[in-house]
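One structure is given below, encoded as structure tokens.
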Amino acid sequence: MSDAAATAGKDFIRTIITEDLAGGQHTEIVTRFPPEPNGYLHIGHVMSICLNFGVAEEFGGRCYLRFDDTNPLKEDQDFVDSIKADVEWLGFDWADRLTYASDYFEDFHACVVQLIEAGKAYVDSLSAEAIREHRGSLTEPGRNSPYRDRAVDENQDLFRRMRAGEFDDGAHVVRAKIDMAAPNLNLRDPTLYRIRKVGHQRTGDAWNIYPMYDLAHTISDALEGVTHSLCTLEFEDHRPLYEWILDNLDLPARPRQIEFSRMNVAFGITSKRKLAALIGAGFVGGWDDPRMPTVAGMRRRGYTPGALRRFVRSVGVTKKDKIIEMSALENAVREDLNEHAPRVLAVLNPLKLVLLNYPEGQAEQLTAANHPHRPELGTRELPFARELFIERDDFMEDPPRKFFRLRPGGEVRLRYGYIIKCVAVVRTDDGVVSEVHCTYDPDTRSGGPAAGRKVKGTIHWVAAEASHEVEVRLFDRLFLVANPDGNRDGGDYRDHLNEASLRVTTHCRVEPSLIGAQAGAVFQFERQGYFIVDTVDSVPGRPVFNRTVTLRDTWAKLERAELARIQ
RNA sequence: UGGGGCGUAGCCAAGUGGUAAGGCAACGGGUUUUGAUCCCGUGUACCGCAGGUUCGAAUCCUGCCGCCCCAGCCA
């Protein structure tokens with residue numbers, strides 16, 4: 001168990017489960033994660049996955065991965081595959097508990113036959129519009145359908161013929177007979193089955209009718225022996241219907257539905273429809289675009305399962321609407337990556353640096369640690385030479401106060417190498433600095449006689465010859481406002497798109513050890529951030545890097561504060 | 001104006017009658033050949049508001065206010 005898990009405390013759901021176990025209501029806990037295969041999993045789903053699989057793990061129970069495939073119009077096998085891959089990647093194991101609501105189509109059908117027999121369900125032949133009119137409104141009760149009191153035999157016959165495909169879509173529907181005046185709209189004779197003469201990705205042409213969510217979900221839970229059916233707040237209103245179904249059918253178990261609030265992360269959206277629209281409009285490259293809040297996107301971005309699980313754990317489970325600040329997610333990512341990512345030297349925006357007193361043609365290898373706190377991760381050799389590249393941002397001709405990187409006449413240490421002093425600047429015709437000339441102090445090499453000499457700053461570098469040019473992609477938030485989904489002022493989420501969310505740089509320079517990096521490998525580019533070798537666009541010998549997240553940057557913060565002060 | 005939920009610091013979140021944990025953020029400081037990491041330290045949160053019960057209430061009662069969800073043959 002991680003530290004985060006240990007300090008997270010118990011949420012109300014785990015408290016209920018603990019009590020149910022202690023009180024003998026259950027001897028084993030069974031949960032399920034029931035996605036509809038109609039889109040990619042996103043950060044919000046991660047919460048539900050971690051809760052359901054996590055609870056099963058912690059209490060020694062079982063968790064089903066069940067696809068809620070009751071609407072063949074919207075669902076697709078591709079999504080099934082991506083969801084399985086995502087859950088697995090997050091580190092959860094459903095073992096032999098991979099199921100589909102469609103596995104139970106025959107059971108749902110039998111249940112409805114049973115309800116009809118008991119006079120608790122009927123075939124309605126009103127049109128969809130008429131049913132809507134009869135439903136009433138939030139403040140007015142509904143009216144009974146003229147078909148509500150059809151004879152049991154007629155209902156059975158009609159339902160049989162619906163299944164047989166004798167009617168067109170929309171001709172009939174079967175409804176639960178509950179109460180058209182119920183204040184809870186879900187109880188105003190909810191639809192249980194509808195005709196849809198379309199093939200299903202798993203059952204083919206076997207069915208002409210398909211069950212609705214409430215029926216399918218409740219019965220599936222019961223058939224699988226689910227003890228705690230955990231879902232999000234918007235289903236709270238459905239609980240009375242969930243219980244009505246349980247009460248009126250002869251089922252092998254009685255699950256309890258418990259609702260918790262969804263998790264939203266600021267500056268993002270999780271609506272599948274809107275995410276799909278971003279792809280459709282070409283604003284992002286696909287479901288796995290590293291800027292997407294999808295599991296696939298975050299994976300490609302370099303977020304790790306450990307980071308995501310840590311994050312979810314730190315947020316907690318409650319019933320309060322929440323929008324978590326990005327910093328909380330980034331903190332979890334940094335915590336995880338800091339521990340695991342090997343350090344490496346790379347220059348994002350190169351500026352040529354020449355060591356005037358370093359012998360022409362000389363070259364040497366400097367030893368660098370792969371991780372500052374984990375010596376067992378070893379060291380590597382860094383080629384050093386007369387001509388180097390440093391980060392353009394690490395040199396300023398006329399720096400502000402407290403800038404302790406390189407400046408004319410100033411000294412700085414080259415990471416793992418020597419202390420150097422800037423003696424001259426070369427510029428192009430239009431005045432931009434093209435080269436920095438320095439001298440180095442041979443005694444200050446790491447491990448050398450004057451290695452202990454203190455200078456204010458240390459900067460990273462790469463040898464000019466013995467380094468490689470690579471493409472690096474820098475990402476920023478997709479939206480400019482914290483709650484783009486909220487459209488408080490009638491605005492649309494599309495009005496808030498961050499046009500600068502992707503920056504591609506092709507002239508970055510990395511140390512030679514990186515050239516053979518495997519796709520998916522993660523590194524810390526010292527002083528800059530964490531990067532992953534892109535799994536889609538990298539080719540052997542030519543890695544493309546995605547920046548997962550920057551390092552914390554107190555200098556940038558100082559600069560911003562200073563800027564704010566001046567203005 | 002029907003029903004269902006929720007309201008503890010900027011964002012999360014403990015707490016369930018005995019006088020407000022923790023994390024993130026922010027702000028100081030120490031260590032540091034990553035301005036990273038690590039380590040210290042800093043918050044009067046009128047516990048949505050107003051009444052009430054009680055020796056004592058974030059916790060119990062009443063009223064009010066604010067926010068979210070529901071009128072798919074979607075899930």
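Remember, predicted model here, so these are calculated numbers, not experimental data. Basis for what follows: all heavy atoms, side chains included, without hydrogens, waters or symmetry-related copies. To find a chain, count down the sequence lines: A is the first, B the second, and so on, and within it residues start at 1.
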Checklist line | Nearest-neighbour nucleotide for the A/Tyr213 side chain, B/rG5, B/rA75, B/rA14 considered | finding: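 The answer is B/rA75.
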Check: Counting side-chain heavy atoms from C-beta on, which of B/rC24, B/rC73, B/rC27 comes nearest to A/Lys557?
Finding: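 Nearest to the side chain of A/Lys557 among the choices is B/rC27.
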I'd like to know if [X] reaches the base of [N] with its side chain, counting only an N/O donor and acceptor under 3.5 Å.
{"X": "A/Asn184", "N": "B/rG4", "answer": "no"}
{"X": "A/His238", "N": "B/rA75", "answer": "yes"}
{"X": "A/Glu325", "N": "B/rG10", "answer": "yes"}
{"X": "A/Gln524", "N": "B/rU34", "answer": "yes"}
{"X": "A/His373", "N": "B/rU37", "answer": "yes"}
{"X": "A/Ser446", "N": "B/rU33", "answer": "yes"}
{"X": "A/Arg415", "N": "B/rU33", "answer": "no"}

Once you apply a heavy-atom cut-off of 4.0 Å, does [X] come out as touching a base, just sugar-phosphate, or nothing?
{"X": "A/Ala451", "answer": "base"}
{"X": "A/Ser137", "answer": "base"}
{"X": "A/Tyr418", "answer": "nothing"}

Checklist line | Integer-rounded Å distance: B/rA71 C1' and A/Arg175 CZ | finding: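 Atom CZ in A/Arg175 sits about 12 Å away from atom C1' in B/rA71.
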Note to self: Under a 3.5 Å threshold, yes or no: a donor from one side chain and an acceptor from the other, between A/Arg239 and A/Asn186?
What the structure shows: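 Looking only at side-chain atoms, A/Asn186 and A/Arg239 do not form any donor-acceptor pair under 3.5 Å.
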Check: Does one side chain, of A/Thr550 or A/Gln528, offer a donor that lies under 3.5 Å from an acceptor on the other?
Finding: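 The criterion, which ignores hydrogens and geometry beyond distance, is not satisfied for A/Gln528 and A/Thr550.
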In whole angstrom, give me the gap between the [atom1] atoms of [N] and [M].
{"N": "B/rG66", "M": "B/rC49", "atom1": "C1'", "value": "10 Å"}
{"N": "B/rA57", "M": "B/rG51", "atom1": "C1'", "value": "14 Å"}
{"N": "B/rA58", "M": "B/rC6", "atom1": "C1'", "value": "15 Å"}
{"N": "B/rG18", "M": "B/rU59", "atom1": "P", "value": "12 Å"}
{"N": "B/rU31", "M": "B/rC40", "atom1": "P", "value": "15 Å"}

Presence of [X] side-chain N/O under 4.0 Å of [N] phosphate oxygens OP1/OP2:
{"X": "A/Arg552", "N": "B/rA25", "result": "yes"}
{"X": "A/Arg334", "N": "B/rA36", "result": "no"}
{"X": "A/Lys272", "N": "B/rC74", "result": "no"}
{"X": "A/Thr139", "N": "B/rG3", "result": "no"}

Note to self: Can you list everything that forms a salt bridge (Lys or Arg N to Asp or Glu O under 4.0 Å) with A/Glu526? Sequence neighbours excluded, please.
What the structure shows: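 Listed in chain order: A/Arg415.
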Next item on the list: Look at A/Arg132 together with A/Glu129 and state whether they make a salt bridge at an N to O cut-off of under 4.0 Å.
Entry: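 Not counted as a salt bridge, because no side-chain N and carboxylate O are separated by less than 4.0 Å.
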